[in-house]
Protein chains: 2
Amino acid sequence: MTTPYHHGNLRSALVDAGLELARAKGPDGVVLREVARRVGVSHNAAYRHFADRDELLLEIADRGMTELSRAMQARLDALPDELDAVSRARRRLQEVGRGYVDFALAEEGLFAAAFSCFAEKVADGSDPESGPYELLTAALDDLVEVGYLDTSRRPGAEVACWAAVHGFSLLHLEGPLRVVAPADREAALTGLLDTMDRGLGRPVR
Amino acid sequence: MTTPYHHGNLRSALVDAGLELARAKGPDGVVLREVARRVGVSHNAAYRHFADRDELLLEIADRGMTELSRAMQARLDALPDELDAVSRARRRLQEVGRGYVDFALAEEGLFAAAFSCFAEKVADGSDPESGPYELLTAALDDLVEVGYLDTSRRPGAEVACWAAVHGFSLLHLEGPLRVVAPADREAALTGLLDTMDRGLGRPVR
DNA sequence: ACCGCATGTGGACGGCGTCAACATTAGTGA
DNA sequence: TCACTAATGTTGACGCCGTCCACATGCGGT
């Protein structure tokens with residue numbers, strides 16, 4: 001048996017191949033026929049496992065989201081113990097943001113793919129917890145608990161933070177800022193995170 | 001002569017048709033053959049005026065940028081005179097941000113198209129001035145002049161502001177926040193702009 | 001041993017961007 | 001005035017894509 005007629009677990013093989021395409025060329029690089037080619041299977045074989053291309057892309061997006069979460073969590077875990085609770089909480093929020101942006105810039109294609117499927121599907125409860133959003137929420141809750149973020153300013157805080165890092169990533173990824181040097185980019189990110197920290201924090205400092 | 005062999009000014013007709021497509025269906029809706037069909041000309045006719053599809057899209061993006069600028073400028077112009085200079089400057093920055101987001105949400109397709117061409121072209125000096133970036137820069141300069149924004153925090157401020165409103169727009173346009181109700185969205189935007197204002201402003205308030 | 005159903009194949013269709021060869025016309029210089 | 005050239009538009013083809021259909025294959029239960 002050179003290659004058996006039935007692949008065994010085509011589905012996950014397709015997802016893996018698609019993931020690689022997405023990593024290298026973004027969501028548009030996930031071409032059904034190319035995915036099939038890479039797995040060594042005929043075009044159309046994928047239709048036994050996915051209704052259409054979008055459904056495959058959705059699965060890939062899900063994996064991408066998970067990887068993003070992991071990258072962010074890793075940064076949190078690597079954080080040294082801070083002296084006081086307030087500094088620690090503030091630092092954690094910064095790290096959440098930095099993890100988001102770093103992943104976006106490092107895994108350009110996968111990041112784009114992860115956000116390419118919200119037009120059709122509306123996130124069918126994909127992130128029960130531990131998603132990027134949950135990490136951000138936890139960080140902000142900490143900030144409240146510790147007394148740095150006033151409860152009156154708590155609602156809308158996640159959207160503000162998310163928007164800031166998401167926009168920063170996209171402007172540098174596919175936007176007009178894609179040409180700025182990494183050093184300048186780093187400085188700008190520091191400035192952005194500092195601005196958010198100041199904007200959320202108590203007036204007293 | 002029913003329809004003359006030579007169109008007269010095909011180029012601008014193509015751009016107009018493409019603009020309409022972009023408005024209705026975003027950058028992916030700008031299909032060369034469909035554009036030609038709408039103008040009543042054969043496919044391929046466009047190749048006498050544009051090297052390829054991307055070149056047409058680039059022109060469309062440029063127009064979109066201009067419209068964005070105009071929408072923002074209009075909001076600034078409509079602003080009532082404020083009592084003191086500081087309030088006025090702060091208010092202007094808010095309005096710049098609100099104009100950006102409002103346009104993005106109102107002209108979804110065109111906004112997306114305007115930002116869809118930075119991968120190939122690197123903005124060949126398209127915005128000499130009066131672009132969205134210039135409006136933001138002017139607003140921030142005012143903030144410095146008026147004494148609200150410290151010069152030490154001035155560098156990077158435009159990137160921070162831009163990232164915030166850009167991210168906010170995209171999260172609601174093609175991202176996970178596309179399902180939030182307009183009222184909540186409005187509240188979140190107010191919160192975001194307030195956070196940026198606090199983050200940039202002097203500690204004293 | 002058999003059969004049904006899941007899984008994979010091959011071919012076709014229409015739509016796309018693009019290229020090359022050809023047709024038509026507008027302007028220009030003699 | 002008139003022919004020629006360059007600009008502009010057309011036709012047809014190619015290879016790619018996603019998707020649908022009919023058909024082939026073989027695994028698992030009876």
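Chain identifiers are assigned alphabetically (A, B, ...) following the order of the sequence lines, protein sequences preceding nucleic acid strands; residue numbering begins at 1 within each chain.
A side-chain donor from one of S152(A) and D150(A) sits under 3.5 Å from a side-chain acceptor of the other. For the 3.5 Å distance criterion, the side chains of T137(A) and E158(A) qualify, holding a donor opposite an acceptor. Using a 3.5 Å distance cut-off with no hydrogens or angles, the side chains of T195(A) and R153(B) do not pair a donor with an acceptor. Side-chain atoms of D197(A) and Y148(A) form a donor-acceptor pair, as typed in the model, at a separation below 3.5 Å.
For R48(A) and dG8(C), a side-chain-to-base donor-acceptor distance below 3.5 Å is present, hydrogens and geometry of angles not being considered.
If R53(A) and A46(B) are placed on DNA chain D by their nearest nucleotide, the residue sitting closer to the 5' end is A46(B).
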Check residues 29-37 of chain B and write down every donor-acceptor pair under 3.5 Å in which the side-chain atom is one partner and the other belongs to a residue at least two apart or another chain.
from: E34(B); atom 1: OE1; to: R37(B); atom 2: NH1; distance (Å): 2.5
from: E34(B); atom 1: OE2; to: R38(B); atom 2: NE; distance (Å): 3.1

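Spacing between atom CG of L14(B) and atom P of dT10(D) amounts to 11 Å, rounded to whole angstrom units. The CZ atom of R11(B) sits 16 Å away from the C1' atom of dG9(D) (whole-angstrom rounding). In this structure, F50(A) atom CZ and dG18(D) atom P are separated by 14 Å, rounded to whole Å. Whole-Å rounding puts the L10(B) CG to dT10(D) C1' distance at 12 Å. Atom NE2 of H49(A) and atom C1' of dT19(D) are 17 Å apart (whole Å). The distance from atom CG of L57(A) to atom P of dT19(D) is 11 Å, rounded to the nearest whole Å. When rounded to the nearest whole Å, the span between CG of L56(A) and P of dC17(D) equals 14 Å.
A ring-ring contact (aromatic ring centres under 6.0 Å, His included) check over residues 12-40 of chain A, counting only residues at least two apart or in different chains, returns nothing.
Using a 4.0 Å cut-off on heavy atoms, the residues of residues 29-44 of chain B that approach DNA chain D are R33(B), V41(B), S42(B), H43(B), N44(B), listed by number.
Residue Y47(B) places no side-chain N or O under 4.0 Å from the OP1 or OP2 atom of dC19(C).
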